[in-house]
2 protein chains.
Amino acid sequence: MARKQGSHADITGPKVRDAALRLFARHGFAAVSMRQIAAEVGVQAGALYLYTPDKQALLFELMRDHMEELLADWQAPDAPPTDQLEDFVRHHIRFHLDRPELVFIAYMELRNLTPENFAVIEGLRRDYEDRLEAILRAGQQSGVFAVPDTKLATMALIAMLTGVTTWYREGGRLNRAAVEGIYWDMVRKAVAA
Amino acid sequence: MARKQGSHADITGPKVRDAALRLFARHGFAAVSMRQIAAEVGVQAGALYLYTPDKQALLFELMRDHMEELLADWQAPDAPPTDQLEDFVRHHIRFHLDRPELVFIAYMELRNLTPENFAVIEGLRRDYEDRLEAILRAGQQSGVFAVPDTKLATMALIAMLTGVTTWYREGGRLNRAAVEGIYWDMVRKAVAA
DNA sequence: AGATTATCTGAACATACGTTCAATTCAACT
DNA sequence: AGTTGAATTGAACGTATGTTCAGATAATCT
C-alpha cells in the first residue's frame with residue numbers, strides 16, 4: 001500500500017501547510033509533532049518531507065509568507081497623515097481579522113525560529129512598524145498629531161490593534177465595521193494634537 | 001553521591017520555580033524539559049518531583065500566583081474615574097515592567113494549560129479586565145469618557161499597555177517614568193469625551 | 001556516637017520525537 | 001500492454017521525553 005487514489009503533489013502540498021498552520025496555532029509549534037500534522041493531512045509522517053525540508057522550514061515559511069503578504073497588501077495612500085493613519089488602522093484590523101491563526105503564530109512562535117530565520121522575520125516586522133512610524137512622524141511635524149515619542153506610539157498602537165484578534169469572534173456582539181470604527185476613533189483621539 | 005552540601009528544601013524549592021520561570025519564558029513551556037530545569041537548578045531531574053507534582057503544575061502555579069498578585073496589588077482608589085484610570089494605567093505598566101518573564105508566560109502559555117487550569121487563569125484574567133471596565137463604565141456614565149463600547153475599550157487598552165513589555169528595555173532611551181507618562185497621555189486622550 | 005529523616009542520585013520505564021530511505025503503488029505516457 | 005516516475009508507505013534510526021523509585025548521602029536530633 002503506498003500511493004493513494006487521486007492524490008497529487010499540488011493537493012497534498014497546501015494541505016500540509018494548512019494542517020501545520022491550524023495545529024501550530026492551536027497547540028504551539030513545539031507541542032505539535034510531524035506525525036500529528038501527517039495524520040491531519042491523511043498521510044504518513046515520512047511523506048511530509050516531500051513538501052518541506054524540515055519542521056523548522058514549515059514554521060518559517062508560514063511566518064515569512066504572512067509578513068510579506070502584510071507588507072505587499074498595503075502602502076500609504078498619497079494623502080494627509082490623518083487619512084493615511086485611518087487607512088492603516090482599518091487595513092490592519094481587516095487583514096488581521098482575516099487571518100487570526102497566522103497572526104497568532106507570527107506573534108507567538110518567534111522564539112522557536114532559528115537565529116537566522118528570526119532575523120528575517122524581525123526585519124519584515126520592523127519594515128511594517130516603520131510604515132506606521134513614518135505616518136506618525138509626518139503628522140507630528142505638520143502639527144496634526146501630538147506624539148512625543150513616535151517609536152513608543154508605534155508600538156503602543158500596533159499592540160492595541162493586533163490585540164483585536166484575541167477577543168473578536170465572528171457573529172459576536174459587534175461586526176467588523178463597528179470594530180474598525182471604534183478602534184479608529186480611539187487611535188485618532190490618542191494621537192490627536 | 002546524593003545529597004549535596006548546604007542544600008535544603010527552602011533553597012531548592014524557589015530555585016526550581018525560578019529556573020522554570022526563566023526557561024519557560026525564554027524557550028516556551030513545551031520546548032523546555034524537566035532535565036533542563038533540573039540542570040539549571042543543579043540537581044537531577046528526579047529531585048524536581050519533591051517540589052512539584054508534575055510539569056503542568058509548575059506552569060500553572062507560576063501563572064496563578066502571578067495573576068493573584070496582580071489582583072492583590074491594586075484596587076481602585078476612591079476617586080473620580082479619570083484619576084482611577086490614571087492609577088490603573090500607571091500601576092499596570094509598573095507591575096508588568098517589573099515581571100516581564102511572568103507576563104510573557106501568562107500571555108503565551110495559556111494553551112498549554114489543562115482545561116481545568118485554563119479556566120482558573122481565565123477567571124482571574126477576567127476579574128482584572130472587569131476592574132478596568134468598571135472604571136470606563138463609570139466615566140462613560142458620568143460623561144467624562146466617550147467609550148461607545150466599554151468591553152472593546154477594555155481589551156484595546158490592556159493590549160496596548162501590556163505590549164510595553166515587548167519593547168521596553170532597562171537603560172534604553174526612555175525611563176519608566178517617561179514611558180508611564182506617555183502611555184497615560186495616550187490612554188487619557190483615547191477615552192476622553 | 002548513633003539513629004533518624006529530609007534530600008537527592010542514577011537508573012529504569014514506556015513512549016514519543018524528527019528524520020531517512022528502500023520498497024511499493026498507482027496515474028500517466030508510450 | 002508495458003514502462004516510467006511521482007507519490008507514499010512503513011519500518012527503522014538514535015535520541016529525548018515525563019515520571020517513578022530503590023538506594024545512597026549528609027544534616028539534624030537524641
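The shown structure was predicted, so the numbers you read here are calculated from the model rather than taken from an experiment. Below, chains carry the letters A, B, ... as their sequence lines are ordered, and counting in each starts from 1.
The pair B:Arg176-B:Glu180 fails the salt-bridge criterion, with no side-chain N (NZ, NE, NH1 or NH2) lying under 4.0 Å from an Asp/Glu carboxylate O. Ion pair A:Lys55/A:Glu109 not flagged as a salt bridge, since none of the NZ, NE, NH1 or NH2 atoms sits closer than 4.0 Å to an Asp/Glu carboxylate oxygen. Ionic pairing of B:Glu129 and B:Lys151 is present here: one or more N-O contacts between side-chain nitrogen and carboxylate oxygen are shorter than 4.0 angstrom. In this structure, A:Lys15 does not pair ionically with A:Asp18, as no charged nitrogen and carboxylate oxygen lie closer than 4.0 Å.
A cation-pi contact, defined as under 6.0 Å to the ring centre and within 45° of the axis, is absent between A:Arg111 and A:Phe29. No cation-pi contact links A:Arg26 to A:Phe104, judged by a cut-off of 6.0 Å to the six-membered ring centre and 45° from its axis.
Put simply, A:Thr12 has a side-chain N or O that comes within less than 4.0 Å of OP1 or OP2 on D:dT8. B:Ser33 has a side-chain polar atom (N or O) that falls below the 4.0 Å cut-off from OP1 or OP2 of D:dT17.
For the atom pair CG (B:Asp87) and CZ (B:Arg90), the distance works out to 9.5 Å, reported to the nearest 0.5 Å.
The number of heavy atoms from other shown groups lying within 6.0 Å of CD (B:Gln75) does not exceed 12. In B:Glu68, the CD atom is crowded: over 12 heavy atoms of neighbouring residues, nucleotides or ligands sit closer than 6.0 Å.
When ring centroids are compared, A:Phe95 and A:His66 come within the 6.0 Å threshold. The aromatic ring centres of B:Phe88 and B:Tyr128 sit less than 6.0 Å apart.
Mapping A:Gln36 and A:Ala47 onto DNA chain C by nearest heavy atom places A:Gln36 closer to the 5' end of the strand.
Rounded to whole Å, atom P of C:dG18 lies 12 Å from atom CG of A:Asn112. Between the CD atom of B:Gln44 and the P atom of C:dA11 there is a distance of 9 Å, given to the nearest Å. Atom CG in A:Asp10 sits about 15 Å away from atom P in C:dA27, given to the nearest Å.
Comparing D:dT9, C:dT19, C:dT9 against the side chain of B:Val43 picks out C:dT9 as the nearest.
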Distances for protein N or O near nucleotides 11-15 of chain D N or O, under 3.5 Å:
{"unit_1": "D:dA12", "atom_1": "N6", "unit_2": "A:Arg35", "atom_2": "NH2", "d": "3.3"}

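Residues from residues 14-32 of chain A that place a heavy atom under 4.0 Å from any atom of DNA chain C, listed by number: A:Val32. Of the residues in residues 48-57 of chain B, those placing a heavy atom less than 4.0 Å from an atom of DNA chain C are B:Leu50, B:Tyr51, in numerical order.
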